[in-house]
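Position 1 is the first residue of the sequence, and the numbers go up from there.
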Amino acid sequence: MDARVVETDVATLDLAVRGMTCAACVRRVERALGKVPGVEDVAVNFATERARVHVAPGVAAERLIAAVRDAGYEASPVPDAAEEAARAERLRRRDGWHVLAAAALSAPLVLGMVAHLLALPLLMPPPWAQAVLASVVQI
């Protein structure tokens with residue numbers, strides 16, 4: 001009898017999986033994905049919250065996402081590198097504006113404290129204004 005190796009086309013889909021809290025969650029997600037018809041291999045990484053699924057042609061990502069949802073977790077397709085870089089840039093800019101706003105709102109409080117340490121007669125804002133400024137920065 002002649003043994004032949006038949007090559008099949010296998011696609012790789014990467015999913016972002018949220019809601020996993022332990023190794024048992026990883027096994028549960030792997031088991032749920034493995035039950036989807038057409039799935040060849042599944043590898044779920046807890047640290048990166050990613051699942052790499054090797055599937056036969058024609059298996060829709062929506063079926064995989066539905067299987068993960070049915071297991072009690074959230075899944076979505078992993079964005080490509082350009083989308084991820086754009087998202088990271090937006091977050092970096094937003095964080096920069098937050099730091100600038102916090103510094104501006106904290107400045108009157110810090111100046112008053114420094115003046116107090118140097119025994120300068122600089123008046124601090126009234127206590128209610130201090131509370132408002134500090135609360136906005138903390139929130």
Side-chain angles (χ1 to χ4, degrees):
M1 200 154 156
D2 194 43
R4 295 183 191 184
V5 176
V6 177
E7 300 241 352
T8 59
D9 292 329
V10 177
T12 301
L13 296 173
D14 289 331
L15 299 174
V17 181
R18 289 172 303 284
M20 296 185 298
T21 58
C22 61
C25 296
V26 170
R27 287 190 301 276
R28 195 172 299 126
V29 171
E30 285 178 342
R31 202 170 27 250
L33 288 170
K35 290 180 181 177
V36 175
V39 171
E40 304 288 328
D41 185 43
V42 179
V44 178
N45 188 318
F46 176 67
T48 62
E49 295 186 322
R50 301 284 167 102
R52 176 159 284 174
V53 187
H54 299 283
V55 297
V59 176
E62 291 78 23
R63 288 175 54 195
L64 301 172
I65 292 170
V68 173
R69 277 198 198 115
D70 291 344
Y73 305 94
E74 288 297 317
S76 61
V78 174
D80 66 357
E83 288 177 27
E84 192 67 29
R87 181 180 167 277
E89 180 62 23
R90 282 193 309 273
L91 290 175
R92 189 189 63 74
R93 282 191 192 140
R94 186 197 68 190
D95 290 346
W97 283 110
H98 286 176
V99 167
L100 288 174
L105 292 171
S106 299
L109 302 174
V110 172
L111 289 175
M113 288 184 265
V114 169
H116 181 71
L117 285 173
L118 300 174
L120 297 174
L122 182 63
L123 294 176
M124 295 265 299
W128 63 267
Q130 294 175 35
V132 168
L133 290 173
S135 296
V136 171
V137 170
Q138 289 182 7
I139 292 172

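Rounding to the nearest 0.5 Å places CD of Glu49 at 10.5 Å from SG of Cys25. One distance of note links NZ of Lys35 with CG of Asp70; it measures 10.5 Å at 0.5 Å rounding.
When the options Asp14, Thr12, Asp41 are evaluated for a side-chain hydrogen bond (donor to acceptor under 3.5 Å, both in side chains) with Arg52, the one that passes is Asp14.
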Check: residues 122-139 side-chain donor-acceptor pairs under 3.5 Å, at least two apart:
| residue | atom | partner | partner atom | Å |
| --- | --- | --- | --- | --- |
| Gln130 | NE2 | Pro125 | O | 2.7 |
| Ser135 | OG | Ala131 | O | 2.7 |

N/O donor-acceptor pairs under 3.5 Å from side chains in residues 96-120, not counting sequence neighbours:
| residue | atom | partner | partner atom | Å |
| --- | --- | --- | --- | --- |
| Ser106 | OG | Ala102 | O | 2.8 |

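Checked for salt-bridge contact, Arg69 and Glu74 meet the test: a charged N lies under 4.0 Å from a carboxylate O. Contact check on Arg87 versus Glu83 returns no salt bridge, with no Lys/Arg side-chain nitrogen under 4.0 Å from an Asp/Glu carboxylate oxygen. Glu89 has a carboxylate O that lies under 4.0 Å from a charged side-chain N of Arg92, or vice versa, which qualifies the two as a salt bridge.
Smallest separation of non-hydrogen atoms from Ser76 and Arg18: OG-NH1, 3.3 Å. In terms of heavy atoms, Ala71 sits closest to Ala32 at CB-CB, 3.8 Å.
Under a 4.5 Å side-chain heavy-atom cut-off, the cluster of Ile, Leu, Val, Met, Phe, Trp and Tyr residues that includes Phe46 is completed by Leu13, Leu15, Val17, Met20, Val26, Val29, Leu33, Val36, Val39, Val42, Val44, Val53, Val55, Val59, Leu64, Ile65, Val68, Tyr73.
The number of heavy atoms from other shown groups lying within 6.0 Å of CZ (Arg63) is above 12.
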